[in-house]
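Source: prediction; values computed, not measured.
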Amino acid sequence: SDVNSSLKTLGKLKYVGGDLHLRQTSIKQLGNLKYVGGHVNFENTIVEDLGDLEYVGRNAIFSKSKIKRLNKLKYIGGEAWFNNSEIEDLGDLEYVDSNTYFSYSKITSLNKLQKIEGTADFTNSNIEDLGELKYIGLNAYFRNSNITSLGNLEYCGMILDLSFSNVKTL
């Protein structure tokens, strides 16, 4: 029998320098893990709780995952895929270093998120409030979103596409 199939916890593990792969495991929560230096893909995993995770160095994929809250996660050093996810609360997230996708997610507010270095795609999202978001490094797409105000947004580096959006005030 496969030894990994019975692994249910990461124990006292706090640091993974590279990528974290969790498909086909019995792990439901990350516990004490604070740092993943590479990519993490939660798509089609049974992980429900990020535990103490604060830092992901590269892409973080939450599409088709069971995770509802980001808890203490503050930094994503690559793309953030929230589209088609169960995520409802971005928790302490403050920074995403690349593109961020929100289509068909359950997120309604960006909370503490202040900076998205790449493109922010709000197309067909349920977001109503941009929270503390001040900076989008590249493009911002608002088509068919519930956002009515750009709130605290001060900077959009390239394309601001408000076509077919509900934005009423800049």
All N/O donor-acceptor pairs, side-chain side in residues 38-46, below 3.5 Å, sequence neighbours left out:
| from | atom 1 | to | atom 2 | distance (Å) |
| --- | --- | --- | --- | --- |
| His39 | ND1 | Asn59 | N | 3.1 |
| Asn41 | OD1 | Glu43 | N | 2.8 |
| Thr45 | OG1 | Phe42 | O | 2.8 |
| Thr45 | OG1 | Val47 | N | 3.4 |

Heavy atoms of other groups near Arg143 CZ, more than 12 under 6.0 Å:
yes
What residues, two or more places apart in sequence or in another chain, satisfy side chain to side chain donor-acceptor pair (under 3.5 Å) together with Ser63?
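Side chain to side chain donor-acceptor pair (under 3.5 Å) list for Ser63, sorted by chain: Asn83.
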Holding to side chain to side chain donor-acceptor pair (under 3.5 Å), I want the full list of residues that pass it with Lys66, two or more places apart in sequence or in another chain.
none
Could you see if Val167 belongs to whatever hydrophobic cluster contains Ile159? Use Ile, Leu, Val, Met, Phe, Trp, Tyr and a side-chain cutoff under 4.5 Å.
no
List for me each residue that meets salt bridge (charged side-chain N to carboxylate O under 4.0 Å, His left out) alongside [X], sequence neighbours excluded, and say none if there are none.
X     : result
Lys72 : Asp52
Lys68 : none
Glu79 : none
Lys34 : Glu54

Clusters formed by hydrophobic residues whose side-chain heavy atoms approach within less than 4.5 Å: which one holds Tyr75, and what are its other members?
Tyr15, Tyr35, Tyr55, Tyr95
With sequence neighbours excluded, tell me which residues meet ring-ring contact (aromatic ring centres under 6.0 Å, His included) with Phe82.
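Phe82 satisfies ring-ring contact (aromatic ring centres under 6.0 Å, His included) with Phe62, Phe102 only.
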Those residues at least two apart in sequence (or on a different chain) that pass ring-ring contact (aromatic ring centres under 6.0 Å, His included) with Tyr141 are none
My understanding is that only residues two or more places apart in sequence, or in another chain, count here; which of them pass side-chain contact (heavy atoms from CB on, under 4.5 Å) with Ser149?
Thr169
Within residues 148-170 or reaching into it, pairs that qualify as ring-ring contact (aromatic ring centres under 6.0 Å, His included) - sequence neighbours excluded
Tyr135-Tyr155
